[in-house]
There are 2 protein chains.
Amino acid sequence: MDAAHVLESLRDVGLRITGPRREVVEAICAREMPFSADEVYDELRAAGSSTGRATVFRTLDLLVGLRLLGRVHRPDGSHGYVLREPGHRHHLVCSTCGTVVEFQGCNVAALADELADRTQFRIEGHWLEFFGVCADCQSRDAAD
Amino acid sequence: MDAAHVLESLRDVGLRITGPRREVVEAICAREMPFSADEVYDELRAAGSSTGRATVFRTLDLLVGLRLLGRVHRPDGSHGYVLREPGHRHHLVCSTCGTVVEFQGCNVAALADELADRTQFRIEGHWLEFFGVCADCQSRDAAD
DNA sequence: CCGCTATTGATACTCGGTCTCAATAGTACA
DNA sequence: TGTACTATTGAGACCGAGTATCAATAGCGG
């Protein structure tokens, strides 16, 4: 994804475009795989940036709020961040290497309606995620 | 759920039935709502037990492993434990009061197959959870 | 009842994330 | 271009959840 575009989105909501935010956004736009906040922080520090750890967390929170970033849960309870294409997306996560594939088109709306009926909940969202082993890790496993 | 039955399941897998384990299991069987490990620990301590914090975590882990206990993710990333009826279940969580409703019959198998086809992942599991506001919290909100 | 070994409690520690607060730097406006 | 207002920042203390270590204890099979 394009860092400039992400920064635009920040400005659109009335947030300031600052040096540290730019650095964080550029760092995460360069990533494919899900990452942790500390990975981003360490990378920036290694590159000589003086951006603080709190700022990295704050910036990631902002992006999650803007739905530009999503959180991925792992079965073990840990989680990472991933860039999201706009729209309603879900993730398929490789439990071996962590690769994430996004997909659209979950057919859970009918289920949500039925649940709302039955439980009288006002349903406001859902979380759907698949776990498995990606093709690469499967062949790597087979090779061992 | 019945504490004795849970303890049986532990024995069935070759684990010992110890005093601390019995206490933890009894404490969680008495609960309806999702709870954290520390809530259980504090409750035991308040009741005069000498069970350690680590043991509470270890016992909960065992039960998660046996699928007698499930983890519930909240949208904010925090999570709690809930007792599970046996079988494949999912949760509907009230974001206001934390009440959890279990449900069965997610229709995601077709989606899983399609994803497996398209991505060449070997899909091994999924996580589906709905968030919303339960009937009680809705009327409480309306009253304010 | 004995002995083996799983389990335990205490404690120190890690990891991810938040809070506070004085210092700094975007931005709107003159 | 300068100024003032206020959002944002970095440092560092802190927090909650969970894990690792290790010597002491206690189930359980015989």
Side-chain angles (χ1 to χ4, degrees), chain A residues 4 6-25 27-28 34-66 69-82 98, chain B residues 7-25 27-28 34-66 69-82 98:
Chain A
V6 173
L7 291 169
E8 275 313 307
S9 312
L10 287 179
R11 170 174 286 136
D12 288 348
V13 204
L15 294 165
R16 293 185 181 167
I17 299 191
T18 65
R21 281 184 182 158
R22 193 186 310 270
E23 289 181 3
V24 171
V25 167
I28 68 182
F35 49 85
S36 67
D38 278 322
E39 279 166 28
V40 175
Y41 174 65
D42 292 344
E43 179 182 322
L44 291 182
R45 281 298 164 131
S49 159
S50 64
T51 297
R53 213 167 77 97
T55 299
V56 173
F57 278 101
R58 288 188 279 236
T59 307
L60 294 179
D61 275 354
L62 289 177
L63 299 179
V64 169
L66 290 175
L69 211 56
R71 275 187 243 262
V72 203
H73 293 277
R74 313 268 170 65
D76 65 358
S78 74
H79 68 272
Y81 299 87
V82 255
Chain B
L7 291 169
E8 274 314 305
S9 312
L10 287 178
R11 169 174 288 137
D12 288 349
V13 205
L15 294 165
R16 294 185 182 167
I17 299 191
T18 65
R21 281 184 184 159
R22 193 187 310 270
E23 289 181 2
V24 171
V25 167
I28 68 182
F35 49 85
S36 69
D38 278 321
E39 280 166 27
V40 176
Y41 173 66
D42 292 344
E43 179 181 322
L44 291 182
R45 281 296 163 135
S49 160
S50 64
T51 297
R53 214 167 78 95
T55 298
V56 173
F57 278 101
R58 288 188 279 235
T59 306
L60 294 180
D61 275 354
L62 288 177
L63 299 179
V64 170
L66 290 175
L69 212 55
R71 274 186 242 262
V72 204
H73 294 277
R74 314 268 170 64
D76 65 358
S78 73
H79 68 273
Y81 299 87
V82 256

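Reminder, nothing fancy here: chain letters follow the sequence lines and each chain counts from 1.
- Contacts classified as salt bridge (charged side-chain N to carboxylate O under 4.0 Å, His left out) and involving residues 42-52 of chain A (residues at least two apart or in different chains) are given here: R31(A)-E43(A).
- In terms of heavy atoms, G52(A) sits closest to Y41(A) at C-CE1, 3.6 Å.
- In this structure, CG in L60(A) is found 9.0 Å from OG in S36(A), a value given to the nearest 0.5 Å.
- Taking atom CG of residue L63(B) and atom C1' of nucleotide dT7(C), one finds them 15 Å apart after rounding to whole Å.
- Atom pair L60(B):CG and dG16(D):C1' shows a separation of 15 Å (rounding to whole Å applied).
- Only one option out of V56(B), L15(B), T55(B) pairs with R21(B) in a side chain to side chain contact (heavy atoms under 4.5 Å, CB included); it is L15(B).
- One end of the helix from dC1(C)-dG30(D) to dA30(C)-dT1(D) points its axis 40° away from the other end's axis, with each axis taken from 5 pairs and the angle rounded to 10°.
- Looking at every heavy atom in both residues, A27(B) comes nearest to V40(B) through CB-CG1, 4.2 Å.
- Every side-chain hydrogen bond (donor to acceptor under 3.5 Å, both in side chains) that D38(A) has, sequence neighbours left out, goes to R53(A).
- Straight-line distance from the CZ atom of R21(B) to the P atom of dT25(D): 19 Å, rounded to whole Å.
- Listed by first and then second residue, the salt bridge (charged side-chain N to carboxylate O under 4.0 Å, His left out) pairs involving residues 8-18 of chain B are E8(B)-R11(B) (not counting sequence neighbours).
- Residues I17(A) and L7(A) come closest through the heavy atom pair CD1-O, 3.5 Å.
- Remark: S49(B) pairs with E23(B), T51(B) by the side-chain hydrogen bond (donor to acceptor under 3.5 Å, both in side chains) rule, at least two apart or across chains.
- The heavy-atom pair separating L69(A) from Y81(A) by the smallest distance is CD2-CD2, 3.9 Å.
- Rounded to whole Å, atom C1' of dT8(D) lies 14 Å from atom CZ of R22(A).
- Residues from residues 36-52 of chain A lying near DNA chain D, meaning a heavy-atom separation below 4.0 Å, are R45(A), S50(A), T51(A), G52(A) in numerical order.
- Considering only heavy atoms from C-beta on, I28(A) comes within 4.5 Å of L63(A) through its side chain.
- Between L62(A) atom CG and dA7(D) atom P there is a gap of 14 Å when expressed in whole angstrom units.
- An OP1 or OP2 oxygen of dG18(D) is reached within less than 4.0 angstrom by a side-chain nitrogen or oxygen of Y81(B).
- Remark: T59(A) pairs with no residue by the side-chain hydrogen bond (donor to acceptor under 3.5 Å, both in side chains) rule, at least two apart or across chains.
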Tabulate atom names and distances for all N/O pairs under 3.5 angstrom spanning the protein and nucleotides 18-22 of chain C.
none

Check: When you check every protein heavy atom under 4.0 Å of nucleotides 23-30 of chain C, what one-letter string (B, S, -) results, 5' to 3'?
Finding: --BBS---
